[in-house]
Amino acid sequence: MPGSAVDRLAAELSELAGAPVELERPAKAEHGDLATSVALRVAPVRGRAPREVAEELAAAAVGLEHVERADVAGPGFLNLWLAGSWFVRTLSEVLDAGPAFGGGFADPVERVQVELVSANPTGPVVVSAARNGAYGDSVARLLEFAGHSVEREYYYNDAGRQMERFRASVEARRRGEEPPEDGYHGEYVRELARAGGDPVPPMLAQIERTLERFRIRFDTWELQSELEEREVPAALARLDTYERDGAIWARTSAYGDDKDWVVIRSTDGKPGYFAADAAYMLRKFGRGFDRAIYVLGADHHGYVGRLKAISRMLGIDPVRVEILVYQLVHLSVRGETTKMSKRHGDVVTLDEFIDEVGVDAARWYLVSRGHDQTIEIDVDLAAERSQKNPVYYVQYAHARIAGILRNAGDAQAGRAPPGELAPEERDVVKRIAEFPRVVRESAERRAPHSIPIYAIRVADDFHRFYHRHRVLGGGESESFRLGLCRAAQTVIARCLDLVGVEAPERM
RNA sequence: GCGCCCGUAGCUCAGGGGAUAGAGCGCUGCCCUGCGGAGGCAGAGGUCGCAAGUUCGAAUCUUGCCGGGCGCACCA
């Protein structure tokens, strides 16, 4: 039977209830191990009293294999107490699956391209782009874990006006002059000036180094200039266009966007950025991807309608073009919120941020908040109190377990407890049993922030269990508890990996 | 003006129709003869921006208003 232990139970109950049952973990222990409110939802439709429906379902539920007790509470909640057999079986599933536990749920399996960061190489990676990377890479990791085939791509423009300004700024420094007013003034411009040659390749190389340090590896790097030469003409032929005021326009307003866009400029007769966007999309799907994911900051959210319109115009199903928008990041340093602008050199770069707080904390902070949320990170706090960061709390749980397993030597991790499980043991098993659902929802919703939040709960439950019960030297419970430790470690390690954070054996 | 995102504890944030709204930090206390104290336990702290609506039930869904962020180029 497919699905997790919780899913299977929910499916069995759905059968009994004649309606889809969602099982939740109640906030209070007296409400059982799992609970559902189906009766409340179903009763009005059937013209019956909720409690009555719940009572019937309770009577049927106790006949199920792993259900020990079923109570009706409140207006019609059904509270379930699980039998010891459920815990044994659940723990066995985790241990048997090992690192694969909770993954492989993609259906159908797709070839997915995730395009992320894609900052033009006019300067070092700044923290808002880092959120793009942390978010996009975690989405990519979730999709990979789900079983999809994923490629990460970095797309950049090496020939636009921004790049001209950038090169001009470097040239100015080489002549010993100040860069133009609208140019780039950062210290890195001086360094590039000293090196000689086109500053773009070294800048790009630096970006790649920074992102690798941030644990993001790209499969492909796409240049807009090459795209324009090779593929813009073909794309133009496929667009729905018209001429006006000496320019060629795309009729995007007829394809869901709120305005039309210039494809060929009247000023110089050259294709504009829109033409490159269209050519780029054709290229993505020409390479055989089932789905193209764009990761964009809120400052580019105006692209959404435009990209969707392009897909319709090109005859590409818009659902295959997925645009993920994340909100911006503010850093506060010494109580002051920094404004990030590459042109004035008054920036906090990703490298500086990593130097300050470490890669693990940097990735954790950037991905543990909902992507729809504008976030503010207090750099001093993150750095100074790094010991108290949630990321270390979770890593500590992992390292602690690693320590126990090291000390365990040849002792075998088992699955069956000698008797009744203690409440803290039940809590750990119930928590890790939630993982498949958490990770699936996180992947489907493109919401990786729920992974670190869940990981904190696992660490919580484990620390509580550890504090209350001995593992090694725990007598006849030792084997079962070692199994519990290994299962918890497996889940924590996976959570950390999904957000690009290391799972240390020692701290 | 139009569009997108957001207003939840002092601060940073979870919570995607259900029970008495949660966590971390900060604040008050308590717990080390033992596997890692980077730990555990307890407490104080809330008109979930405001107002209507839908619902048996709303922080959650709808609408309006208020407040904040970001977009609305023949720029990239």
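Below, read A as the first sequence line, B as the second, and so on, with proteins coming before strands; counting in each chain starts at 1. Only this structure's heavy atoms are used, side chains among them; waters, hydrogens and symmetry mates stay out.
For G40(B), the OP1/OP2 oxygens have a side-chain nitrogen or oxygen of Tyr393(A) closer than 4.0 Å. For C74(B), neither phosphate oxygen OP1 nor OP2 lies less than 4.0 angstrom from any side-chain nitrogen or oxygen of Lys270(A).
The distance between the ring centers of His300(A) and Tyr303(A) falls below 6.0 angstrom. Note: Tyr135(A) and His449(A) fail the aromatic proximity criterion, with ring centroids not under 6.0 Å apart. For Phe465(A) and Phe462(A), the ring centers sit closer than 6.0 Å to each other.
Within 4.0 Å of Arg161(A), counting heavy atoms only, lie sugar-phosphate atoms of the nucleic acid but no base atom. At the heavy-atom level, Arg468(A) lies nowhere under 4.0 Å from the strands shown. Here Ala399(A) lies in heavy-atom contact (under 4.0 Å) with a base. Within the nucleic acid shown, His398(A) has no heavy atom closer than 4.0 Å to any nucleic acid atom.
In this structure, Arg265(A) and Ala35(A) both approach RNA chain B, and ranking their closest nucleotides by distance from the 5' end singles out Ala35(A).
Both tests do not hold together for Arg306(A) against Phe274(A): distance to the six-membered ring centre under 6.0 Å, angle to the ring axis within 45°.
Rounded to the nearest Å, the gap between the C1' atom of A21(B) and that of G37(B) is 31 Å.
Between the base of G16(B) and the side chain of Arg445(A) there is a donor-acceptor pair shorter than 3.5 Å.
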What does the B/S/- profile of nucleotides 5-14 of chain B look like, 5' to 3', with a 4.0 Å heavy-atom cutoff to protein?
SS-----SSS
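A donor-acceptor contact closer than 3.5 angstrom is absent between the side chains of Glu228(A) and Tyr280(A).
Checking G36(B), C4(B), C74(B) against the side-chain heavy atoms of Asp245(A) singles out C74(B) as nearest.
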